[in-house]
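This chain uses plain numbering: 1 for the first residue, then up along the sequence. Here the structure is a predicted model, which is why all the values come from computation and not from measurement. Start at 1 and go down the list; that is how both ligands and their atoms are numbered.
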Amino acid sequence: MSLIVMKFGGTSVGDIDRIKNAARKVVAEIQRGHKVAVVVSAMAGATDQLIGYCRSISPRYDQREHDAVVSTGEQVSSGLMALALQQRGLNARSWQGWQVGVHTDATHGKARIADIDAIKLRKSIDAGEIGVVAGFQGVADDGRITTLGRGGSDTSAVALAVALKADRCDIYTDVDGVYTTDPRICEKARKMKCVSYEEMLELASLGAKVLQVRSVEMAMRYRMPVQVLSTFANEIGSDLPGTLVAEGNKTMEENPVTGIAHTRDEAQITLTGIEDKPGMAAKIFGPLARAGINVDMIVQTASSNGVTDLSFTVSKLDADRAVKVLDDEKKAIGFEKLASLREMSKISLVGIGMRNHVGVAATMFETLAAKGINILVIETSEINTSVLISDEYTELALRSLHTAYGLDKA
Ligand code: ASP
Ligand code: MG
């Protein structure tokens, strides 16, 4: 007998029929003899609507009241799910974040979980009750309700699984697993049966949207197996039909590349004619950091005659602000020209096998060259290689790399 945390996302509880369908899956796991705790998101669209209400009162609302309002989406779905389970003859009850004891810091709107005091919930599960926990919410030390940031109920579910010492956390969502690349772009993308924590963290950070990045960090830190699976299919989690995020194993390492992620909202900013002397990077990136602009890839060309060029990427949404910040600092930095390219895309190969394979990056460059795709920035880490290209080539790049690394489905 295992203890499984079953998390249902917004689409999985999007209307009453779907809630009933989710309840059927819970019943099926219990009939297999497993113990279950359920975590729910708000019904699809509910959170957006609640945020909209706050904004329509004032664009600069009190974050604490925002959390009081926005957390109600999960209060509704947890109560409805408990009712649906009761309707199927189960002894179910809802738990709000503060009732479980999901303690967070006080950064309202994107609070971090400090600890979960799951003793009461654990006792209730052991006594045969099904706990339905409202995801996305917690309570700060001052007793006020907090929320964990968009997509935060994934993190609630994994954290709860860790606190309950569950055997697995199943995340039911609108896709049936994690794919080798975006299946909407590449029809030969394959669903992975399993993927290591490290790879999933890279994939999620580099653009794969299935799991909130923080939930993967948490799963990795506590080595909690997490399965991503479809809420629409008939199977249940214990048949392992989805993608299991777990400890990496040997067979995974055979192919150096496990998956290819991409993000399309990149902009590249280039400063030319800067003096090559100590302190220049600080002069450029200090003001950007103070403006809250996140810089991603950075390259500097070799200097000639004591002058160099520096290029970096930011999110497209931050591009105008970044240009303005640098223009304001033009005198202090002393660059010649500032140029920006907005429609850029970052393509990233991910795989733990890259650690001990040579030539992985070379294949990438050759494949892109053969298609006439120009690479503007290259970045590598232990288990990923990323390039920045013009967004118009995103589809072509993904499909040809997918083939080049032998990822296409038969
Ligand atoms: N309901 C929240 C959101 O829409 C949390 C979640 O669904 O994970 O972001
Ligand atoms: Mg989600």
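Of the residues Glu382, Glu198, Glu199, the one that meets the salt bridge (Lys or Arg N to Asp or Glu O under 4.0 Å) test with Arg355 is Glu382. When each of Lys193, Met192, Arg168, Met200 is checked for a side-chain contact (heavy atoms from CB on, under 4.5 Å) with Leu244, only Arg168 meets the rule.
The closest approach between Gly152 and ligand 1 falls below 4.0 Å for a heavy atom of the residue.
Within ligand 1, the atoms closer than 4.0 Å to a non-hydrogen atom of Arg150 are 3 (C), 4 (O), 9 (O), numbered from 1 in the order shown. Heavy-atom proximity to Gly151, at under 4.0 Å, picks out these atoms of ligand 1: 3 (C), 5 (C), 6 (C), 8 (O), 9 (O). Taking every heavy atom of Ser41 and a limit of under 4.0 angstrom, the matching atoms of ligand 1 come to 6 (C), 7 (O), 8 (O).
Using a 3.5 Å distance cut-off with no hydrogens or angles, the side chains of Ser153 and Ser41 do pair a donor with an acceptor.
Neither the backbone nor the side chain of Gln212 comes within 4.0 Å of ligand 1, counting heavy atoms alone.
Taking a 6.0 Å sphere around CG of Asp141, one finds it holds 12 or fewer heavy atoms contributed by other residues, nucleotides or ligands.
No N or O atom of Asp154 sits closer than 3.5 Å to an N or O atom of ligand 1.
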Next item on the list: Determine, step by step, whether Asp67 and Arg144 satisfy the side-chain contact (heavy atoms from CB on, under 4.5 Å) criterion, reporting the C-alpha distance in whole Å, the side-chain angles of both residues, the deciding distance to 0.1 Å, and the verdict.
Entry: CA-CA 9 Å; Asp67 280 357; Arg144 301 203 64 168; over 6 Å; no
